[in-house]
Amino acid sequence: MDTAATTALTFRDATDADVDALVALIESAYRGDSSRAGWTTEADLLQGQRTDPQGVLAVIESPDSRLLVVERDGRQVACCQLEHRGDHAYFGMFAVSPALQGAGLGKIIIAEAERAARESWGAREMHMTVISVRDDLIAWYERRGYRRTGRTTPFPYGDERFGIPLRDDLRFELLIKELG
């Protein structure tokens, strides 16, 4: 693990002022050629946008959600969404700057998200959905204790707010981790 990449991280809740920077961060981690600098790219699966300012703002303003901003040296380097859903929390909108991927930041951030969901809401499980063909990403989550459920939901084909699919077999699979 590159300790220089993981030292002096600060976590805070996003504000309206963060929207544009967060959209840029999320897009850079998943879409377009810039995303190929990291390993989480979806550029071979989807074109178009991953999110938009309205979607990010909706998470920030929702009373049951938190959008955590992760900063190092005053610069946004990652983010993730936590949403309270009864006895569990939903984890989403997870992005790490492509230049910093593979340095151990993701492990630290997901552990902090799990801690926050447990302490803030008493969540007993963390749920997330991942595009089912993302074997490398699913394996990464499995190494963090998440398990595949086999429960899937369709990809929203035709809704360009989620991107323009480059293949016709996309769907989301639910992953769950008990938070103990």
Side-chain angles (χ1 to χ4, degrees), residues 1-43 46 48-85 88-123 125-131 134 137 140-141 143-146 161-163 172 175 177 179:
M1 183 184 308
D2 179 0
T3 55
T6 60
T7 56
L9 294 177
T10 58
F11 293 81
R12 65 174 175 82
D13 288 331
T15 67
D16 296 3
D18 295 312
V19 169
D20 290 339
L22 288 171
V23 169
L25 172 67
I26 294 163
E27 293 297 313
S28 75
Y30 291 97
R31 301 291 162 79
D33 286 336
S34 66
S35 70
R36 294 182 193 280
W39 69 274
T40 62
T41 184
E42 295 173 344
L46 297 151
Q49 70 180 31
R50 172 77 191 266
T51 192
D52 56 31
Q54 297 79 16
V56 172
L57 188 59
V59 172
I60 292 171
E61 292 179 343
S62 171
D64 292 325
S65 285
R66 297 175 67 189
L67 187 52
L68 294 179
V69 175
V70 184
E71 295 176 324
R72 188 182 70 197
D73 299 326
R75 189 173 60 95
Q76 292 181 5
V77 296
C79 67
C80 67
Q81 169 195 8
L82 291 172
E83 184 177 324
H84 185 208
R85 296 183 179 177
H88 72 274
Y90 178 80
F91 179 81
M93 215 174 274
F94 186 28
V96 175
S97 173
L100 299 175
Q101 291 177 19
L105 278 176
K107 295 174 192 175
I108 293 168
I109 294 162
I110 200 166
E112 174 59 19
E114 291 165 357
R115 184 203 63 76
R118 244 187 342 266
E119 291 184 10
S120 298
W121 300 317
E125 290 181 337
M126 186 77 85
H127 291 200
M128 71 174 71
T129 55
V130 178
I131 296 174
R134 297 289 318 274
L137 185 57
W140 187 88
Y141 285 120
R143 290 191 298 275
R144 314 270 101 56
Y146 287 80
R161 291 177 303 159
F162 300 97
F172 295 107
L175 305 181
K177 179 179 180 178
L179 298 180

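On a predicted model such as this, the values are computed, not experimentally measured, just so you know.
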Considering non-hydrogen atoms only, spot the tightest contact between [X] and [Y] and give its length.
X: Gly32; Y: Thr41; value: O-OG1, 4.5 Å
X: Ala123; Y: Leu179; value: O-CD1, 3.7 Å
X: Arg66; Y: Ala116; value: NH1-CB, 3.7 Å
X: Gly163; Y: Leu46; value: C-CD2, 4.4 Å
X: Glu83; Y: Trp121; value: C-CZ3, 3.8 Å
X: Ala29; Y: Pro98; value: CA-CG, 3.9 Å

For a 4.5 angstrom cut-off between non-hydrogen side-chain atoms, does [X] reach [Y]?
X: Arg85; Y: His127; answer: no
X: Met126; Y: Tyr146; answer: yes
X: Asp13; Y: Leu68; answer: yes
X: Lys107; Y: Arg143; answer: no
X: Glu112; Y: Val70; answer: no
X: Phe172; Y: Val130; answer: no

Mind checking the [atom1]-[atom2] spacing from [X] to [Y]? Nearest 0.5 Å is all I need.
X: Ile26; Y: Gln76; atom1: CD1; atom2: CD; answer: 9.5 Å
X: Cys80; Y: Leu67; atom1: SG; atom2: CG; answer: 7.5 Å
X: Ser62; Y: Leu57; atom1: OG; atom2: CG; answer: 11.0 Å
X: Ser120; Y: Leu82; atom1: OG; atom2: CG; answer: 8.0 Å
X: Arg12; Y: Asp18; atom1: CZ; atom2: CG; answer: 4.0 Å
X: Ser35; Y: Glu42; atom1: OG; atom2: CD; answer: 8.5 Å

Please verify the inter-ring angle class for Phe94 with Tyr141; under 30° counts as parallel, over 60° as perpendicular, anything in between as tilted.
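Phe94 and Tyr141: tilted rings.
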
Exam field: side chain [X] to backbone [Y], donor-acceptor pair closer than 3.5 Å:
X: Gln101; Y: Thr40; result: yes
X: Ser28; Y: Ser34; result: no
X: Arg31; Y: Gln49; result: yes

Checking Val23 against Asp52 for the side chain to side chain contact (heavy atoms under 4.5 Å, CB included) test, could you report, in this order, the C-alpha distance in whole Å, the side-chain angles of both residues, the deciding distance, and whether it holds?
CA-CA 6 Å; Val23 169; Asp52 56 31; 5.8 Å; no

Any chance you could lay out the side chain to side chain contact (heavy atoms under 4.5 Å, CB included) test for Leu9 and Leu105, step after step, and finish with the verdict?
CA-CA 9 Å; Leu9 294 177; Leu105 278 176; 3.4 Å; yes

Go through the steps to decide whether Thr51 and Leu22 satisfy the test side chain to side chain contact (heavy atoms under 4.5 Å, CB included), and finish with yes or no.
CA-CA 10 Å; Thr51 192; Leu22 288 171; over 6 Å; no

Side chain to side chain contact (heavy atoms under 4.5 Å, CB included) evaluation trace for Ile110 with Lys177
CA-CA 11 Å; Ile110 200 166; Lys177 179 179 180 178; over 6 Å; no

Any chance the side chains of Tyr90 and Thr129 put a donor and an acceptor closer than 3.5 Å?
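Result is yes, a qualifying pair exists.
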
